[in-house]
Amino acid sequence: MDITHELNPEQLKAVTKIDGAVLIIAGAGSGKTRVITFRIANMLNSGIPQSQILALTFTNKAAREMETRIKEMTARKLQNLSISTFHAFGVKLLRKYIHLLGWRENFSIYDETDKGQLIKDCGRELKFSDDNLNIYELSALFSQIKGGVKDWDKTTISYKTIFDEYQNNLKLYNAVDFDDLILLPIKLFQTHPEVLNEIKQQYKYIMVDEFQDTSLQQYYFLKKIADKNICVVGDDDQSIYSWRGANYENIKMFETDFPNCIEIKLEQNYRSTETILAAANGVISHNKMRKEKSLWSSNGSGKPIEIYIPVDDKEEAHFIADKILVERQELNLKYSDFGILVRTNHLIRTLEEALLNANIPYHISGGSSFFDRKEIKDVISYLRIFANPDDDINLLRIINTPRRGIGKRSIEIISELANKEKCTLYFAIKKLILSSGELEAEKKYNELKLFFEFINEQRKIFLSGKGIAKKVRKLMDEIKYFDYLLQEYSKNEKVARVKFMNIERLIQSIDEWENNPDTLDANLFTYLNRITLLSRDDGEEPDKGEVQILTIHAAKGLEFPVVFIAGVEDHIIPHARSVEENGGNVEEERRLFYVALTRAQQKLFLTSCQHRRHLKDIIECSPSPFIQEIPSELVTYHEPVIQTSQEQIADMFAKIRQKFNT
DNA sequence: GTGTTTACTTTTTTT
DNA sequence: AAGTAAACAC
């Protein structure tokens, strides 16, 4: 591998400077992924053992991609190379050391749904009236408090009791939330310096991708484990996760905390035409808080950016589908060369319909995940309980699903007991059965007793030996889950069948995972830990000749020859809620728009509807103010396509005529 | 006490 | 459009 010919001078510097602190500011499309992979390959080639390298990313997708690229490049097995997300790395540490903090090894990880449920329960327990509680807000607040972004103030202090209860219950249930996956390792390092030392000894070279998206806590975490060789790569203009605690000021902190750090700027864009880049630069230059940089491209000016103003979202989707067919012919492209980007998930629906009607193959990433489906959640909840029966949130989920005659009253009884004894529901059930006389238990608590015994039996089965997939199939039989589905969806057999298939898919994916040689330690715990972090785009491979539909957030790091950005309207981007929350500050939304623009290589279409269906009514829309920030000479406008409207009218008449005829 | 129907809200982005 | 909670029915 001759790297000197494949890289520009700045890239080369970034790849070869492997000792010390390095800050790489990598503009959009400047070959960042290339640099990272070359850099790691370079480290390996210069004799640094895999086990000393730790590469941290934000998404599983990014981690996977990095790994395959390095594999291709070095043609080696990468068994000891640690490439993972921050959260997954946190889990890895906690699996090993959490007992030092008072949890047990079989801890559960609570996702957003579990977290919300627990907060709700805590609020109810403390007699907060439900309608005053906004679970989403509380959930966000708790994260901010835990992450040290916010402190209690006049408006929030009244919720502190819920927060304390929440924290206590997490520990009681032997569970942690996403925030804890970063926080607890930090705590561990503080209380057990010998562990920190061990980690520092092991990972002598650390790389962080998308550094602008690190939260304050993640930064502290890094600072703790980084010895002297740390390389962070980021772009402040692409910081789009501040709502999750991301803080691009970390870039500045890095410069102060590592005063000897070398800063490398990658400013040549290899991705986009000059037109697209000029548009993006024009937009982002309106942001005040940013590191000065000048991205340039030598790819030629290309075609102008086209802006369409369709009458409504239906026409918008129709237009995009049409355009894909035309452009594919004219430019001789594959379907996978097209990306449709949207600000919010629900905008996807109409687009999906249009592509479906036009027979265009597509792939959606984002939206509700496979693991968010009710039937899948049910199965996983069972597994979670077998792993950790003290997990009350998941116990409540399955205690009467499928129905086993344990209703409201029974649950009240065990909840009260659990409260009184300060124990978990599982323990309360046990106590109730044991303390009541044989006969009484037999009659009154028979269902509870059966349930309790069922859990213990299954625990034994699932915690011993191999073959989780098979066991799950058996479990489904035993609890008669399919009968339950049929009964539950008796009005719509199709739905039941789809859910049935989903479970089969889940079982197959478990099977594949278990039998994959790359899976080191296949057991129930490792499986559960893995899938809670997986969520969104699980193992689906895109790029099989399918148009990609994604949210802008999900599109980060990707590129497409032709990009459509749909719904470029005021209140969507910048999103009304975001603007409201940030006190009128639109800089993050502008960065988001910037990310969207810079995904395009050759051609860019923006669409902005005049009307849009929202819930049940139709609302008027106006174009996003960001459109005006694009230098006007780069843009061609298209008036609404009247023909389609007339077509629609003709269509309507045709339908009416048909009605009269029948 | 349990199961079913009805009324009602709701999520911007994701590890 | 779907998921939840409260009201209602058994």
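Chain letters run A, B, ... following the sequence lines, proteins first, then strands; residues in each count from 1.
Between the side chains of A:Q212 and A:D235, no donor-acceptor pair is found at a separation under 3.5 Å. Using modelled atom types and a 3.5 Å distance limit, the side chains of A:S608 and A:E569 yield no donor-acceptor pair.
Note: CZ (A:F211) to P (B:dT15) measures 20 Å, nearest angstrom. For the pair A:I364 CD1 and B:dT13 P, the computed distance is 14 Å after rounding to whole Å. Distance CD (A:Q218) to P (B:dT14): 16 Å, rounded to an integer number of Å. The nearest whole Å value for the distance from the CG atom in A:D213 to the P atom in B:dT13 is 16 Å. Look at CD1 on A:I399: it is 11 Å from P on B:dT2, rounded to the nearest Å. Put simply, CG on A:D121 is 13 Å from P on C:dT4, counting in whole angstrom units. Regarding A:I135, its CD1 atom lies at a distance of 18 Å from the P atom of C:dG3, rounded to whole Å. What separates NZ of A:K115 from P of B:dT11 is a distance of 15 Å, to the nearest Å.
Of the two residues near DNA chain B, A:I413 and A:L592, the one whose nearest nucleotide lies more 5' is A:I413. Heavy-atom distances to DNA chain B give each of A:T59 and A:I411 a nearest nucleotide, and the one nearer the 5′ end belongs to A:I411.
The side chain of A:A554 has B:dT14 as its nearest neighbour among B:dT15, B:dT13, B:dT14. Listed nucleotides B:dT12, B:dT11, B:dG3 differ in distance to A:N400; the shortest reach to its side chain belongs to B:dG3. Residue A:T551 places its side chain closer to B:dT14 than to any other of B:dT15, B:dT14, B:dT11.
For A:R599, the salt bridge (Lys or Arg N to Asp or Glu O under 4.0 Å) test picks out no residue, with sequence neighbours left out.
By the 5.5 angstrom centroid cut-off and the 30-degree plane limit, A:W243 is classified as stacked against the base of B:dT13.
Side-chain N/O atoms of A:K120 include one lying less than 4.0 angstrom from OP1 or OP2 on C:dA5. Applying the 4.0 Å criterion to OP1 and OP2 of B:dT2, one finds that A:S410 has a side-chain N or O inside that range. OP1 and OP2 of B:dT13 both lie 4.0 Å or more from every side-chain N or O belonging to A:S578. Between A:R577 and the phosphate of B:dT12, there is a side-chain N or O to OP1/OP2 separation shorter than 4.0 Å. The shortest distance between the side-chain N/O atoms of A:Y241 and the OP1/OP2 oxygens of B:dT13 is not below 4.0 Å. Between A:N345 and B:dT11, a side-chain N or O to OP1/OP2 separation shorter than 4.0 Å is absent. Contact annotation: A:R403 reaches the phosphate of B:dT4 (side-chain N/O to OP1 or OP2, under 4.0 Å).
Judged by distance alone, with hydrogens and angles left aside, A:H87 brings a side-chain donor or acceptor within reach of the base of B:dT15, the pair sitting under 3.5 Å.
The residue A:Y136 sits close to a base: some heavy atom pair falls under 4.0 Å.
With a 6.0 Å radius and a threshold of 12 heavy atoms from other residues, nucleotides or ligands, A:R349 has its CZ atom at or below the threshold.
Remark: A:R404 is positioned above the aromatic ring of A:F454, its terminal NZ or CZ atom under 6.0 angstrom from the ring centre and at most 45 degrees off the axis.
Between A:F86 and A:F58, the ring planes are tilted. Angles from 30° to 60° get that label.
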